[in-house]
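To start, the structure itself, in structure tokens.
A quick note: this is a predicted structure, and the numbers were derived from the prediction, not measured.
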Amino acid sequence: MGALIPAEHLADTAAELVRRDDLLAALEVLSAAPVDRGAERGCAEALAAWSRQRWPQLGFTVQDTGAGGANLAASTGSDRGGVLLCSHLDTSTSGEGTVHREVTGSTTPYQPGVCLDGDAVSGFGLGVARAPAAAVLVGYAAAATALAEAGVAGTVQLLLASGGTHRNTALAEPPQPACSGVRHYLDHGGAPDAVIVGKSGPPGVLHEEPGAAFLRIRVSAPGPGVVLFRDQAQPVGGLPQHVGLVCAAFEAWRGQWRALPTTGQTGREAGIGAIRTGAVAKPDLLPAHLDLFVYLVSAPGDELGAHLDRLHNTLVGHLRGSPLAGCTVEVTVGDAEPGGATPASAPIVELVRAARARHLQRGGEPDITGWTGSTDGVLFRARGIDTVRAGPQVRADPDRPGRDVCSAEELVRYAQVYAAAAVRFAVNRGE
């Protein structure tokens, strides 16, 4: 990668600028209110105001991404080239609302802020993705400050994006508009040479990433029916009685899907996350459709078409000879992003690994296999941009249900990793 001695010194300077207090303060701003996908503007504006006060010499902008969405962005130079430090503002669930209640079972009001107990930081949504987002922000500020104070040219970009979590929009009724802060950023001038995605994950550096897709399996009855005459319905008993048959048929295909050979860091997975049938207002009538909604994780290079044909054929085969034999089966693909891989020898991969070894002071890089977590990294790789993912370990807080917990010290270390790797890439132009 060329001579890196000057860059190493500047990278160490950037790492030394990372402050634990800044990380905790950023987390407080991020955690002040629920932040759902596509409704990040209030959070972005609050975080921008805090960042401008903390680092007035750095430029932070709020990018409107439509409706209530917004990105927080910044750059040491132009918004082209260099390295981008990226995470996202929204959480998988906001901490309030219907989706949160349905997937957590919790009716507890949102609890703002974070709790600090020694080295342990606890709060809502730290894993996805407030803890790594705070580390990315502070890491960017440290890198930008180090470059400016040294008078060294080099482009480091920051993006805390809206719409960062996967969401089933195309199959929603009615379909919802796409909401991707990363796409907005790339479509409106942002064009980095390499990307570091800050998100919690395995204890190592991911340079490969699986794809993600949402599917709908629809089983349709051949005719209408009513509950009072369910024995004469088609199928007999009505569709709700036979949900288990469809689930069992899907699980048979899932076993085949997961057993396909893989190489590299990623794996495959599939699961039913939602089931819908019938009209709640008229449960005396039997439904015409049974819908199963599936989250599918694919390996880089997978062509979904042939695999989904096999899923359809498996479903039809398992239902043949059952009460559902006369029903039709459809498999529909909604939002889908293919997996991708960055070569392990790419400069950004080597730099992040070196920074992680230096600042986390751990042994050799662990071997990652079978990873099934997908992030916005797939969007960067789809545009040919070398991308890696690395971030702190975050787990469920055993003492505070619904909240996550992580190490404050590890957050500091990862902010140093982001700062150091970004500076070295920017100064050496990734060579």
Side-chain angles (χ1 to χ4, degrees), residues 83-92 126-137 139-140 156-161 163-166 180-182 185-186 192-212 262 264-267 269 297-300 337-357 359-360 362 365-395 406 410-411 413-422 425 430:
V83 60
L84 171 67
L85 299 179
C86 179
S87 191
H88 59 83
L89 293 172
D90 59 307
T91 57
S92 289
L126 296 190
V128 187
R130 286 169 172 160
V136 163
L137 172 62
Y140 167 79
V156 180
Q157 303 178 46
L158 167 73
L159 175 63
L160 300 184
T165 54
H166 293 295
S180 170
V182 168
Y185 187 78
L186 293 174
D193 296 321
V195 177
I196 302 172
V197 174
K199 195 169 182 183
S200 59
V205 177
L206 282 161
H207 57 89
E208 299 180 4
E209 187 166 8
T262 59
Q265 295 183 312
T266 67
E269 185 53 281
V297 176
S298 60
E337 299 293 343
T342 297
S345 60
I348 193 63
V349 180
E350 295 185 354
L351 290 174
V352 174
R353 282 180 167 171
R356 187 176 177 278
H359 296 286
L360 270 73
R362 294 175 181 170
E365 186 67 23
D367 187 25
I368 301 172
T369 59
W371 180 253
T372 55
S374 183
T375 70
D376 281 332
V378 294
L379 302 179
F380 295 114
R381 290 192 182 88
R383 303 205 185 193
I385 302 171
D386 286 346
T387 304
V388 296
R389 168 181 171 175
Q393 302 292 289
V394 183
R395 64 188 188 280
C406 63
E410 189 174 27
L411 279 183
R413 296 296 184 183
Y414 266 102
Q416 292 175 328
V417 169
Y418 302 145
F425 189 95

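Between A390 and V352, the shortest heavy-atom contact is CB-CG1, 4.2 Å. What you find for V394 and C406 is that their closest heavy atoms are CG2-CB, 4.0 Å. T372 approaches V297 most closely through the heavy-atom pair O-CG1, 3.5 Å. Closest heavy-atom contact between P132 and S200: CG-N, 3.7 Å. Counting all heavy atoms, side chain and backbone alike, S87 lies closest to V136 at CB-CG2, 4.2 Å. Across every non-hydrogen atom of D386 and P343, the tightest pair is OD1-CD, 4.3 Å.
A 4.5 Å side-chain heavy-atom check between Y414 and H359 finds every atom pair outside the cut-off. With contacts defined as side-chain heavy-atom distances shorter than 4.5 Å, the pair T375/L206 does not qualify. With a 4.5 Å cut-off on side-chain heavy atoms, P203 and R356 count as touching. You'll find the side chain of R381 stays beyond 4.5 Å of the side chain of E337, heavy atoms only.
To the nearest 0.5 Å, the span separating OG1 on T342 from CD1 on I348 amounts to 9.5 Å. Atoms CZ and CD, on R389 and E209 in that order, are 6.5 Å from each other to the nearest 0.5 Å. Remark: L84 CG to I196 CD1 distance equals 9.0 Å, nearest 0.5 Å. The CD atom of Q416 lies 11.5 Å from the CG atom of L411; values are rounded to the nearest 0.5 Å. How far CG of L160 is from CG of L137: 6.0 Å, rounded to the nearest 0.5 Å.
Screening L360, L351, V205 for a side-chain contact (heavy atoms from CB on, under 4.5 Å) involving V417 leaves a single residue, L360.
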Test log, rule side chain to side chain contact (heavy atoms under 4.5 Å, CB included), inputs F425 and V156: CA-CA 9 Å; F425 189 95; V156 180; over 6 Å; no

Side chain to side chain contact (heavy atoms under 4.5 Å, CB included) between V128 and H88, worked out: CA-CA 8 Å; V128 187; H88 59 83; 3.8 Å; yes

Side chain to side chain contact (heavy atoms under 4.5 Å, CB included) between Q157 and Y140, worked out: CA-CA 8 Å; Q157 303 178 46; Y140 167 79; 5.8 Å; no

C86/Y185 under side chain to side chain contact (heavy atoms under 4.5 Å, CB included): CA gap, chis, key distance, verdict: CA-CA 11 Å; C86 179; Y185 187 78; over 6 Å; no

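Residues that satisfy the salt bridge (Lys or Arg N to Asp or Glu O under 4.0 Å) test with R413, not counting sequence neighbours, are E409.
Side chain of Q265 to backbone of E208: a donor-acceptor contact under 3.5 angstrom is found. Panel note: side chain T387, backbone V195; no donor-acceptor pair is recorded below 3.5 Å. Judged purely by atom type and a 3.5 angstrom limit, S374 uses its side chain to pair as donor or acceptor with the backbone of P210.
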